[in-house]
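These notes concern the structure reproduced below.
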Amino acid sequence: MKFSQLLIPTLKEAPNEATLPSHIYLLRGGFIQSVGSGLYNFLPLGKRSLDRVQKVIKEELDKAGAQEVSLSFVTPASFWIESGRFEKYGKELLRFKDRKDSDFVLGPTHEEMMVNLVKQTVKSYKQLPLNLYQINLKFRDEIRPRFGLMRGREFLMKDGYSFHANEADMKREFDLMEATYKKIFTRLGLDFRVVEADSGAIGGSGSKEFMVLADSGEDTIVVCENCQYGANIEAAIRQPKEFAYDTNSEFKKVHTPNTTTIEEVSKFLDISADYIMKTVAKKALYDGGRSEIVLFVIRGSDTLEETKACNAVCANEIVDISDKELFDAGLVAGYMGPLNTPKNIRIVVDDSLKDASGMVSGANEADCHLVGASSDQIENPLYKDIVAVQENDRCSCCGGRLYYTKGIEVGHIFQLGTRYSEPLKAEFLNEQGKTQPFVMGTYGIGVSRLLAAIIEQHHDERGCMWTKESSPFDLVIIVSNIKDELQSKVGQELYSKLSEMGVAVLLDDRKERFGFKMKDFELIGIPCTVVVGQKLHEGKVEIVMRQNLQPQEIATKDVVTRLKEEFKW
RNA sequence: CGGAGUGUAGCGCAGUCUGGUAGCGCACCUGGUUUGGGACCAGGGGGUCGAAGGUUCGAGUCCUUUCACUCCGACCA
């Protein structure tokens, strides 16, 4: 394609709403255009990159035996009501009515739809297994869209669903998808990590996330410096710590004025935060608008992991409680504890506090704490893992040191089991002739997010640096001075020759000065350019790689061969 | 939703405190010069100053309401 004919509106200055490198460079390079909060148009360059990333995904999935379909974007709400997610999904689900006043949703993910498709067509175990996927628009009415393509409301996603006759076969497919995803992200040139994850609103058990490592990532992931263990902070676990308890301390109430924080209590009573039972009150929200106050009890030196807390009580969401609500419930902020609590308040205790004694806790009374308390005094405790793993904790696999890093979630695979097939009555006849629900897996890739992730990981202060299989073009030919007939002619010839070879070439034939075109090359970030310029009179052109920007002179007649070698075209 | 901030030409901004002809840089159009690191000269086009209402002889500027966007927290591919 010729640059002079393409719509590539590059910008010298970035619109001020952009803060992340990927957002800034995608806007400045003319890849995307903002149309509203979390909504973007893809311009020719952006569309080309998107297509190439999709091509990689499709090739690998097809090789793994998955089949592509395309599901209706608008989904009848009845499917969602049936699966129970109409409520559970919350406000992110965009709902609307058609002219006949029927309810519809704009699909944020398509488990219901796909289950329905398969339910109508697959009746026997002989038709299994099946892995169907699509690459389609999704819409999630995010609370706070941000970071450009990273968290848009409308986005392109690959979502795949597999159907099996039994658990073992589903696990086989799950492993195959993990391997396939690794191939995809490797081909795209990404530095990523596969981590254990929380299953969130999709449901099911055993899920893994694919995290592109980048400082701007929105997820905190815990990784081991020693082994391959990696997990999202929401699901990370650690080796239990050993504590020596003072079993002789007398259980009593002590006066502790002005000690509403763990540090203050720790200092006042001269006791390590490890031996304080920190009590965090949250409000858990359930279906049907039902809610309750829950006390989460953890060690003073730990912090509550909200996702784990939410899962522990099977809530849709847990939220902070206002001082008034606390007061109304008979709780005293700063002096809460798991003992002597008002009636009917659910108490969840962290696993690490099992058998803890000689502990300090709030007395549920202003300016008072209890000392010498033990966890077996707690009435009806629900023991769960609810704390966040901290840096320098020990790995549960190998005992190695754990540390935090940031990641961008670009893929997520789930072992669903019968989470959807059962309520949606998607069943088949097994070998024994008995009716049985499908055992399912589901697999997602954020396709448009991948563009942002690639740039987050591959850019410098001049602009984008696309990886080989994600770049909108393979090569740019810059004709330094378009008015120089020889330069123009050689540029054209090179362009024709390479195009015929099937190389995606962009010919920068604009009537602009050399520096201007170089700046655009650097901003757009195509991996390589051939500069046809002054050196032409010596029979030479230059090859410049976007990686290092070091020009290499080469005889004009050898350039095609050289590029062939370099890129294995 | 809570907290903070911003809306003036396609983009980046000044002007708002102290009311009096809507400005600058980039981009765009025409002509000319220039041609290896975002050129120069001359001329030109483009704005309901986010929206509505109010105060005033007069509002980008003051008052009220409202909308949008961005940033920090709770959501997720």
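Naming convention: chains lettered A, B, ... in sequence-line order (proteins, then strands); numbering from 1 in each chain.
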Residue A:Glu59 excluded, over 12 heavy atoms near CD under 6.0 Å: yes
Looking only at atom P, what distance separates B:U21 and B:G58, rounded to whole Å? 15 Å
Which one is paired to B:G5, where only Watson-Crick or G-U wobble pairs with both distances under 3.5 angstrom count? B:C69
Looking only at side-chain atoms of A:Arg28, point me to the closest of B:A74, B:A77, B:G38. B:G38
Looking only at B:G38, B:U35, B:C71, the nucleotide nearest the A:Lys483 side chain is B:U35
Is any side-chain N of the basic residue among A:Glu553 and A:Lys540 closer than 4.0 Å to the acidic one's carboxylate O? yes
Would you mind telling me which residue lines up with the more 5' stretch of RNA chain B, A:Asp219 or A:Thr19, judged by nearest nucleotide? A:Thr19
Given that A:Glu142 and A:Lys535 both sit by RNA chain B, which one's nearest nucleotide is further toward the 5' end? A:Lys535
Please measure how far the C1' atom in B:U61 lies from the corresponding atom in B:G19, and state the result in whole Å. 6 Å
What's A:Glu218 touching, base or sugar-phosphate or nothing? Going by heavy atoms closer than 4.0 Å. base
Counting only side-chain heavy atoms from C-beta out, which of B:A77, B:G37, B:C72 sits nearest to A:Glu409? B:A77
Using a strict 4.0 Å threshold on nitrogen-to-oxygen distance, state whether A:Lys55 and A:Glu469 make a salt bridge. no
Among B:G36, B:A77, B:A74, the one nearest A:Ile143 by side-chain distance: B:A74
Scanning both residues in full, the closest heavy-atom pair of A:Gln134 with A:Leu71 reads OE1-N, 2.9 Å
Which nucleotide in the list B:G36, B:G38, B:G37 gets nearest to the side chain of A:Asp520? B:G38
pair_partner(B:G60), Watson-Crick or wobble, both distances < 3.5 Å, evaluates to none
Just name whichever nucleotide pairs with B:G12, Watson-Crick or G-U, keeping both distances under 3.5 Å, else none. B:C24
With A:Trp466, the ring pair (Phe, Tyr, Trp, His ring centres under 6.0 Å) member among A:Phe31, A:Tyr25, A:Phe473: A:Phe31
Side chain of A:Arg513 only, heavy atoms from C-beta on: which candidate in B:A77, B:U35, B:A74 is closest? B:U35
Name the pairing partner of B:U35, where a pair is Watson-Crick or G-U wobble with both distances under 3.5 Å, or state none. none
Looking only at the side chain of A:Gln534 (C-beta and beyond, no hydrogens), which of the listed nucleotides B:U70, B:C76, B:G36 gets closest? B:G36
Looking only at the side chain of A:Lys12 (C-beta and beyond, no hydrogens), which of the listed nucleotides B:C26, B:A77, B:A74 gets closest? B:C26
Using the P atoms only, state how far B:C1 lies from B:G46, rounded to an integer number of Å. 41 Å
What interatomic distance, in whole Å, is found between P of B:U64 and the corresponding atom of B:G44? 43 Å
Determine the Euclidean distance between corresponding C1' atoms of B:C69 and B:C11; express it in Å to zero decimal places. 16 Å
Rounded interatomic separation in angstrom, taking CD1 from A:Ile482 and P from B:U34: 18 Å
If you take atom types as modelled and just measure distance, does the side chain of A:Arg146 reach the base of B:C72 with a donor-acceptor pair under 3.5 Å? no
Using Watson-Crick or G-U wobble geometry with both distances below 3.5 Å, tell me the partner of B:U55, or none. none
Under a 3.5 Å cut-off for both contacts, is B:G47 paired Watson-Crick or G-U wobble with anything, and if yes, with which nucleotide? none
What string of B, S and - do you get for nucleotides 5-12 of chain B 5' to 3' if you count protein non-hydrogen atoms under 4.0 Å? ------SS
Please classify the nucleic acid contact of A:Glu542 as base, sugar-phosphate, or nothing, using heavy-atom distances under 4.0 Å. base
Among B:U35, B:A77, B:G36, find the nucleotide with the atom closest to the side chain of A:Arg449. B:A77
Indicate, with a heavy-atom threshold strictly under 4.0 Å, whether A:Met518 touches base, sugar-phosphate, or nothing. base
Using a heavy-atom cut-off of 4.0 Å across all strands, would you classify A:Gly160 as base, sugar-phosphate, or nothing? nothing
Does the aromatic ring of A:Phe155 sit over the six-membered base ring of B:A77, closer than 5.5 Å centre to centre and tilted less than 30°? yes
From the options B:G37, B:G73, B:G36, select the nucleotide whose nearest atom is closest to the side chain of A:Arg144. B:G73
Roughly how many Å apart are B:C26 and B:G43, using the P atom of each and rounding to a whole number? 15 Å
Donor-acceptor pair under 3.5 Å: do we get one between A:Arg151's side chain and the base of B:C76? yes
Do A:Arg95 and A:Phe86 have side chains that approach each other closer than 4.5 Å (heavy atoms only, starting at C-beta)? yes
Less than 4.0 angstrom between a side-chain N/O of A:Ser480 and OP1 or OP2 of B:U35, yes or no? no
Which residue, A:Val531, A:Ile478, A:Asp508, forms the side chain to side chain contact (heavy atoms under 4.5 Å, CB included) with A:Phe521? A:Ile478
Thinking salt bridges, do A:Arg510 and A:Asp520 make one under a 4.0 Å N-O criterion? yes
Work out how far the C1' atom of B:U35 is from that of B:A51, and round it to whole angstrom. 48 Å
Gap in Å between the two P atoms, one belonging to B:A42 and one to B:C49, rounded: 31 Å
A:Arg346 vs A:Glu292, test: salt bridge (charged side-chain N to carboxylate O under 4.0 Å, His left out). Steps then yes/no. CA-CA 8 Å; A:Arg346 184 124 77 117; A:Glu292 68 170 339; 3.0 Å; yes
Can we say A:Glu178 and A:Lys208 salt-bridge, meaning some charged N sits less than 4.0 Å from an Asp/Glu carboxylate O? yes
Rounded to whole Å, please give me the gap between CD in A:Glu325 and C1' in B:C1. 14 Å
